[in-house]
Amino acid sequence: MSDMVSIYMNTPPIARTIATAVFICSVGVYTGMISAQPFVFHYLRLLKFPPALYLFVTSFLLTGPDLGVLFDTYFIFTYLSQLESHNPKFSKKEDMIWYLMFVGSVIILLNSLFTNGMVFLPALLIALCYTATQDQRGMNAHFYVITIPAQLMPYCLLLVQLLFPDGWNKLKIGLTGLLAAHLHDFLSRIYPEFGNGPNLIPTPWFISWIMSTPRTQNTVYGQSMAPPKEGGGRGGPLPDSWRTRGSGRRLG
């Protein structure tokens, strides 16, 4: 049991947290322990008082029914782990969080305007798959029992939606994820590299500030603040410039 917990805790933290939330919420909804209403998005619910602001998060936490609970959770964890651990665009956690916020906002906007979609995890899955496979050109990927070029994976996932009930509507929702991921890639990578312009959607300063805020840790004497670790150096009350003057001599 301790080995399983250790393996779980050693997985990428953002991927681990989101995949766990997706699995628990989906199991709760499909077993009847949790109402599905908090996971269904509609913009009119934002106009009520109090506004249902939690929908900006919970509408991405519900998988498909039956085996979709396992497969969707697996794919979400897999692509998030690839981005969080191996993609140079997301070398910092705040960059990954900003990516999810940007892509999620575009998905919600596009679905509210064009598809009337209410559950957005399929769109997020396509977005993650598209972004993860952009750096895998020339590589192959396994799609069920066949081997395909890695960059074709998001399009295959889209086409598979047509095999399920209400497949056309699911395809349209998935397309919004593809558009959101491509927009992020264009504004943050393609335009700066090929248009000699700046990154048009840099990570906002407040996300970096939140990620670097001192953390509270428990001790035997109560709680203490653990500030972010900075460069090394000897401690002490004297300024750093004084520590470079040599050993000194005794006066008198």
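Interatomic distance, CZ of Phe60 versus CG of Leu55, reported as 10.5 Å (0.5 Å rounding). Considering CZ of Arg16 and CD1 of Ile7, their distance stands at 13.0 Å, rounded to 0.5 Å. In this structure, Thr58 OG1 and Gln37 CD are separated by 10.5 Å, a value rounded to the nearest 0.5 Å. In this structure, NE2 in His182 is found 8.5 Å from CG in Leu179, a value given to the nearest 0.5 Å. Between the CE atom of Met33 and the SG atom of Cys25 there is a distance of 10.5 Å, given to the nearest 0.5 Å. Taken from CD1 in Ile18 to CG in Leu80, the straight-line distance is 5.0 Å, to the nearest 0.5 Å.
Using a 4.5 Å heavy-atom threshold, the side chains of Pro204 and Glu94 count as separate. Side-chain atoms of Gln136 and Gln82, non-hydrogen and from C-beta on, do get closer than 4.5 Å to each other. Inter-residue side-chain proximity for Leu128 and Ile76 is flagged as met; some heavy-atom pair is nearer than 4.5 Å. Looking at Tyr30 and Leu62, their side chains come closer than 4.5 Å, going by heavy atoms from C-beta outward. At least one side-chain heavy atom of Pro154 sits less than 4.5 Å from a side-chain heavy atom of Thr133. The shortest side-chain heavy-atom distance between Cys156 and Ile148 falls under the 4.5 Å cut-off. Side chains of Leu178 and Tyr155 form a contact here, defined as non-hydrogen atoms less than 4.5 Å apart. Residues Leu70 and Phe23 have side chains in contact (heavy-atom distance under 4.5 Å, counting atoms from C-beta outward).
The backbone N or O of Thr147 lies less than 3.5 Å from no partner atom in the side chain of Asn140, so there is not a single donor-acceptor pair. A donor-acceptor contact shorter than 3.5 Å links the side chain of Thr176 to the backbone of Ile173. A side-chain donor-acceptor contact under 3.5 Å links Glu84 to the backbone of Ile14. Remark: side-chain polar atoms of Thr115 are not paired, donor with acceptor, to backbone N or O of Lys172 under 3.5 angstrom.
A donor-acceptor contact under 3.5 angstrom links the side chains of Tyr8 and Thr20, judged on distance only.
Using a 4.5 Å cut-off between side-chain heavy atoms of Ile, Leu, Val, Met, Phe, Trp and Tyr, with links allowed through other members, Leu124 and Leu113 fall into the same hydrophobic cluster. Hydrophobic cluster membership differs between Met118 and Ile126, with clusters built from Ile, Leu, Val, Met, Phe, Trp and Tyr side chains linked at under 4.5 angstrom. Cluster annotation: Phe90 and Ile207 are assigned to the same hydrophobic cluster (Ile/Leu/Val/Met/Phe/Trp/Tyr, side-chain heavy-atom contacts under 4.5 Å, transitive). By the rule that hydrophobic residues join a cluster once side-chain heavy atoms approach within less than 4.5 Å of another member, Met139 and Ile146 end up as members of separate clusters. In the hydrophobic clustering of this structure, Phe120 does not group with Ile24; members are Ile, Leu, Val, Met, Phe, Trp, Tyr whose side-chain heavy atoms approach within less than 4.5 Å, directly or through other members.
Scored by the side chain to side chain contact (heavy atoms under 4.5 Å, CB included) test, Val106 finds Phe102, Leu110, Ala180, Leu183 as partners (sequence neighbours excluded).
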Worked verdict on Ser26 versus Phe39 for side-chain contact (heavy atoms from CB on, under 4.5 Å): CA-CA 10 Å; Ser26 300; Phe39 303 92; over 6 Å; no

Audit row: Val27, Val69, side-chain contact (heavy atoms from CB on, under 4.5 Å) steps and yes/no: CA-CA 7 Å; Val27 170; Val69 176; 4.0 Å; yes

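Between Val29 and Ser35 the shortest heavy-atom distance is CG2-O, 4.1 Å. Shortest non-hydrogen contact noted between Tyr99 and Ala181 is OH-CB, 4.4 Å. Closest heavy-atom contact between Pro192 and Phe186: CD-O, 3.9 Å. Between Ala21 and Leu61, the shortest heavy-atom distance links the atoms CB-CD2, 4.2 Å. Between Ser81 and Phe77, the closest heavy-atom pair is OG-O, 2.7 Å. In terms of heavy-atom proximity, Ile201 sits nearest to Asn199 at N-OD1, 3.0 Å.
Screening Asp95, Asp185, Asp135 for a salt bridge (charged side-chain N to carboxylate O under 4.0 Å, His left out) involving Lys89 leaves a single residue, Asp185. When each of Tyr130, Tyr79, Phe75 is checked for a side-chain contact (heavy atoms from CB on, under 4.5 Å) with Met153, only Tyr79 meets the rule.
The environment of OH in Tyr43 is sparse: at most 12 heavy-atom neighbours from other residues, nucleotides or ligands sit within 6.0 Å.
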